[in-house]
Peer 1: 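Got a structure here, written out as structure tokens. Questions coming.
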Amino acid sequence: MNRLKLKICGMTDQANINDVLSVGPDYLGFIFYASSKRYVKGLSADFVRQLTVVQKVGVFVDASLDDIKQAIIHYGLDFVQLHGQEQPDFVQQVKALNVRIIKAFGMAADFDWQCLRAYQEMADYFLFDTKTSSHGGSGEVFDWTLLQQYPLQVPYFLSGGLSLTNLVAVNTFDDPRLYALDVNSKFESSPGFKDIQLLKQIKK
Ligand SMILES: O=C(O)c1ccccc1N[C@@H]1O[C@H](COP(=O)(O)O)[C@@H](O)[C@H]1O
């Protein structure tokens, strides 16, 4: 697991973020989706913007280009994670805002792998999450054997209900395209508050 990058997502609280940074994540995720239990709204943009020891990822679900642009400016985002049904031409417009792109897809048995081709030139990374009506943060795991059908070379984040229990099986992955692990609800004491003791066990 050591070669893999770590993204800790759904940060909402300043003190909790300071504790989480002691775990040494590569990426911190902030949810800019009002329906989420982890909506970033109460968190100071000035505080987030001055965080430089970590890559800051804004997570959006079918947001407008202007909302994304404002969030990039105010929170100093390095990455935009597009977690909805964003089409390639829209993703290209976000990329033109001078951020790097993580394009997320909800995995299910009938997932159309060919649809990824239209995104491969503009996405720095793909992210594979479990397909649910809540878009993300469900804590549900998808069938990882589906990834055997992934046809492209774009590196990806593995996501969807990652926990201390199922992360053990990541060691069986033999896929150099697996770039990062994205942990969220299974490492919380309550939505938006990460459990530091649980997080510390990831890198053991
Ligand atoms: O966390 C949320 O509430 C959320 C809401 C809407 C879109 C994405 C969201 N989070 C992302 O969901 C995945 C998986 O989370 P979990 O481990 O299943 O809880 C993760 O990539 C978050 O970035």
Peer 1: Of all heavy-atom pairs between G76 and K56, which one has the smallest distance, and what is that distance?
Peer 2: O-CE, 2.8 Å
Peer 1: Decide yes or no for E121 and P88: does some side-chain heavy atom of the first lie under 4.5 Å from some side-chain heavy atom of the second?
Peer 2: no
Peer 1: Which heavy atom of A63 sits nearest a heavy atom of I68, and at what distance?
Peer 2: CB-CG1, 3.9 Å
Peer 1: If you group Ile, Leu, Val, Met, Phe, Trp and Tyr by side-chain heavy-atom gaps below 4.5 Å, do M107 and L181 land in one group?
Peer 2: yes
Peer 1: Below 4.0 angstrom, N of the basic side chain to O of the carboxylate: do K194 and D13 qualify?
Peer 2: no
Peer 1: Taking side chain as C-beta onward, heavy atoms only, is Q55 less than 4.5 Å from K5?
Peer 2: no
Peer 1: Please give me the minimum heavy-atom distance between L4 and L178, naming the atom from each residue.
Peer 2: CD2-O, 3.2 Å
Peer 1: Atom SG in C9, atom CG in D129: separation rounded to 0.5 Å?
Peer 2: 9.5 Å
Peer 1: With no hydrogens and no angle check, do the side chains of D182 and Y27 hold a donor and an acceptor under 3.5 Å apart?
Peer 2: no
Peer 1: Is there side-chain contact between L152 and R117, with heavy atoms separated by less than 4.5 Å?
Peer 2: yes
Peer 1: Under 4.5 Å between any side-chain heavy atoms of V170 and W144, yes or no?
Peer 2: yes
Peer 1: Can a donor-acceptor pair be found, under 3.5 Å and without considering hydrogens, that links the side chain of D143 to the backbone of A109?
Peer 2: no
Peer 1: To the nearest 0.5 angstrom, please state how far the CD atom of Q14 sits from the CZ atom of F47.
Peer 2: 4.5 Å
Peer 1: Which pair of heavy atoms, one from T130 and one from G160, lies closest together, and at what distance?
Peer 2: OG1-CA, 3.8 Å
Peer 1: F128 and V59: same hydrophobic cluster, using ILVMFWY side-chain contacts below 4.5 Å?
Peer 2: no
Peer 1: Working note: L198 + V183, criterion side chain to side chain contact (heavy atoms under 4.5 Å, CB included); need CA distance, chi angles, decisive distance, verdict.
Peer 2: CA-CA 11 Å; L198 283 180; V183 302; over 6 Å; no
Peer 1: Might you work through the side chain to side chain contact (heavy atoms under 4.5 Å, CB included) test for I101 and D124, ending with a clear yes or no?
Peer 2: CA-CA 5 Å; I101 301 291; D124 295 274; 4.0 Å; yes
Peer 1: For K131, is the NZ atom crowded, meaning more than 12 foreign heavy atoms sit under 6.0 Å from it?
Peer 2: no
Peer 1: With side chains defined as the heavy atoms from C-beta onward, is the minimum distance between E86 and D62 less than 4.5 Å?
Peer 2: yes
Peer 1: Does L127 share a hydrophobic cluster with V54, counting links as ILVMFWY side-chain heavy atoms below 4.5 Å and allowing steps through other members?
Peer 2: no
Peer 1: How long is the straight-line distance from CG of L164 back to NZ of K200, given to the nearest 0.5 Å?
Peer 2: 13.5 Å
Peer 1: Would you say that V48 contacts L28 through its side chain, given a criterion of any heavy-atom pair below 4.5 Å between the two side chains?
Peer 2: no
Peer 1: Is the Y150 ring parallel, tilted or perpendicular to the W113 ring (thresholds 30°, 60°)?
Peer 2: tilted
Peer 1: Donor-acceptor pair, K103 side chain versus L82 backbone, under 3.5 Å?
Peer 2: yes
Peer 1: Less than 4.5 Å apart, side chain to side chain, heavy atoms only: is that true for V57 and I102?
Peer 2: yes
Peer 1: Any side-chain heavy atom of N16 sitting closer than 4.5 Å to one from I196?
Peer 2: yes
Peer 1: Roughly how far apart are I8 CD1 and I202 CD1, rounded to 0.5 Å?
Peer 2: 6.0 Å
Peer 1: I would like to know whether H83 and Y33 meet ring pair (Phe, Tyr, Trp, His ring centres under 6.0 Å); could you show each step before the answer?
Peer 2: CA-CA 10 Å; H83 219 98; Y33 177 52; 9.1 Å; no
Peer 1: With ring pair (Phe, Tyr, Trp, His ring centres under 6.0 Å) as the test, pick out the partner of F60 among F90, F30, Y75, F32.
Peer 2: F32
Peer 1: When you group the ILVMFWY residues by side-chain heavy-atom contacts below 4.5 Å and let the links chain together, are Y39 and L77 in the same group?
Peer 2: no
Peer 1: On a heavy-atom basis, which atom in T172 and which in A169 lie closest, and how many Å separate them?
Peer 2: OG1-O, 2.5 Å
Peer 1: Quick check: is Y156 connected to V91 through a chain of hydrophobic side chains (ILVMFWY, heavy atoms under 4.5 Å apart)?
Peer 2: yes
Peer 1: Grab the two heavy atoms, one from L97 and one from L65, that are nearest each other, plus how far apart they are.
Peer 2: CD1-CD1, 4.0 Å
Peer 1: Is there a donor-acceptor pair under 3.5 Å between the side chain of D26 and the backbone N or O of L6?
Peer 2: yes
Peer 1: Identify the residue among F105, Y179, F79, F126 that makes a ring pair (Phe, Tyr, Trp, His ring centres under 6.0 Å) with F157.
Peer 2: Y179
Peer 1: Inspect the surroundings of CD in Q85 and state if more than 12 heavy atoms from other residues, nucleotides or ligands are less than 6.0 Å away.
Peer 2: no
Peer 1: What do you reckon, is CG of D89 surrounded by more than 12 foreign heavy atoms closer than 6.0 Å?
Peer 2: yes
Peer 1: To the nearest 0.5 angstrom, please state how far the CG atom of L51 sits from the CG atom of L21.
Peer 2: 6.0 Å
Peer 1: Between R49 and D46, does at least one N-O distance fall below 4.0 Å, as a salt bridge requires?
Peer 2: yes
Peer 1: CG of L167 to CD of Q201: how many Å apart, nearest 0.5 Å?
Peer 2: 11.0 Å
Peer 1: Sub-3.5 Å donor-acceptor pair from the side chain of S190 to the main-chain atoms of F193, do we have one?
Peer 2: no
